Engineer: 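Got a structure for you, questions after.
Computed from heavy atoms alone, side chains included, the values below leave out hydrogens, waters and symmetry copies. Keep in mind the model is a prediction, meaning the values are calculated, not measured.
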Amino acid sequence: IREAKKEDALSIAKLHFYSANAFYYEAFKTNPTESFRVESRNRYWKNNIPDSISEKKARTVLVAELEDNTIIGFISVIIENPRNKNAEAQLDSLYIYSTFHRSGLGTMLFNAAKDRIQELGVNFLYVWVLERNPACQFYEKLAGQLEKSNHLLTIGNTKTREIAYT
């Protein structure tokens, strides 16, 4: 596991695209919006992988890779109000190719990101997920307490609730 670099953007974008497509189709029998296409995800990650010290204090992006440098998972954490002593962090993205699910890789990425934000003085990490996300048990185990929201989203023809783990 290492810090992501700008040149990782396309590999991260492909992983993000394929994982999001699989999740949305399985959970909602629909494909994600245009914003989840590889090209748009590539632009997003090129703009959001931090490469300066000040950017790294506001966002952490870590990748997991095989010995041949193939990226197989990534995590992104956004630090809100990084100059504030009561700063909080939101787990923005955690995606792993399905062949590596249940291998412990998600836990390793989560713990590495948590260690990184603690080095920056941030001790509170939360994550918003869709109630139909099969990773809810994973987040409950690692992130803690479940907080339901009344915020309903419609994806495809299905209504679902966002929930938070804190």
Engineer: Can you find a heavy atom in the side chain of F17 that is under 4.5 Å from one in the side chain of N42?
Structural biologist: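 Sidechains of N42 and F17: no contact.
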Engineer: Determine whether Y165 and I163 satisfy the following criterion, side chain to side chain contact (heavy atoms under 4.5 Å, CB included), listing intermediate values before the conclusion.
Structural biologist: CA-CA 7 Å; Y165 293 96; I163 55 177; 3.5 Å; yes
Engineer: Side-chain contact, heavy-atom cut-off 4.5 Å: Y44 with S93?
Structural biologist: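 They are not in side-chain contact.
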Engineer: Pair up each side-chain donor or acceptor in residues 68-79 with any protein partner under 3.5 Å, not counting sequence neighbours, and list the distances.
Structural biologist:
{"unit_1": "D68", "atom_1": "OD1", "unit_2": "T70", "atom_2": "N", "d": "3.0"}
{"unit_1": "D68", "atom_1": "OD1", "unit_2": "T70", "atom_2": "OG1", "d": "2.7"}
{"unit_1": "D68", "atom_1": "OD2", "unit_2": "T70", "atom_2": "OG1", "d": "3.2"}
{"unit_1": "S76", "atom_1": "OG", "unit_2": "R59", "atom_2": "NH1", "d": "2.6"}

Engineer: How close do Y139 and L94 get, counting heavy atoms only, and between which atoms?
Structural biologist: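 Scanning both residues, the minimum pair turns out to be OH-CB, 3.7 Å.
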Engineer: Do any N or O atoms from the side chain of N47 and from the backbone of R43 form a donor-acceptor pair under 3.5 angstrom?
Structural biologist: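 Between the backbone of R43 and the side chain of N47 there is a qualifying donor-acceptor contact (under 3.5 Å).
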Engineer: Please identify each residue that fulfils side chain to side chain donor-acceptor pair (under 3.5 Å) with T99, with sequence neighbours left out.
Structural biologist: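 For T99, no residue satisfies side chain to side chain donor-acceptor pair (under 3.5 Å) once neighbours in sequence are set aside.
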Engineer: For the pair Q118 and V122, evaluate side chain to side chain contact (heavy atoms under 4.5 Å, CB included) and give the outcome as yes or no after the intermediate values.
Structural biologist: CA-CA 5 Å; Q118 286 175 341; V122 178; over 6 Å; no
Engineer: When you measure from the side chain of E140 to the backbone N and O of C136, does any donor-acceptor pair fall under 3.5 Å?
Structural biologist: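 Absent.
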Engineer: Under the side chain to side chain donor-acceptor pair (under 3.5 Å) rule, collect the residues that match up with Y97, sequence neighbours excluded.
Structural biologist: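 Applying side chain to side chain donor-acceptor pair (under 3.5 Å) to Y97 gives none.
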Engineer: Starting at CG of L142, measure out to CD of Q137 and round the result to the nearest 0.5 Å.
Structural biologist: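 Going from the CG atom of L142 to the CD atom of Q137 covers 12.0 Å.
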Engineer: Quick one: which residue pairs count as a side chain to side chain donor-acceptor pair (under 3.5 Å) with a foot in residues 5-14, not counting sequence neighbours?
Structural biologist: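 Only R2-D8 qualify under side chain to side chain donor-acceptor pair (under 3.5 Å).
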Engineer: Can you name the nearest heavy-atom pair linking N133 to A135, along with the distance?
Structural biologist: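 Nearest heavy atoms, N133 then A135: OD1-N, 2.8 Å.
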Engineer: For Q90, what residues pass the side-chain contact (heavy atoms from CB on, under 4.5 Å) criterion, not counting sequence neighbours?
Structural biologist: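 Q90 satisfies side-chain contact (heavy atoms from CB on, under 4.5 Å) with E80, Y126, W128 once adjacent residues are dropped.
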Engineer: Ignoring hydrogens and angles, write down the donor-acceptor pairs under 3.5 Å from the side chains of residues 100-116, residues two or more places apart or on other chains.
Structural biologist:
{"unit_1": "H101", "atom_1": "NE2", "unit_2": "I96", "atom_2": "O", "d": "3.0"}
{"unit_1": "S103", "atom_1": "OG", "unit_2": "F100", "atom_2": "O", "d": "2.6"}
{"unit_1": "S103", "atom_1": "OG", "unit_2": "L105", "atom_2": "N", "d": "3.4"}
{"unit_1": "N111", "atom_1": "ND2", "unit_2": "T107", "atom_2": "O", "d": "3.3"}

Engineer: Determine whether N48 and V61 satisfy the following criterion, side chain to side chain contact (heavy atoms under 4.5 Å, CB included), listing intermediate values before the conclusion.
Structural biologist: CA-CA 9 Å; N48 285 285; V61 181; over 6 Å; no
Engineer: Rounded to the nearest 0.5 Å, what's the gap from CD1 on I12 to CZ on R41? Could you check?
Structural biologist: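 The CZ atom of R41 is 11.5 Å from CD1 of I12, to the nearest 0.5 Å.
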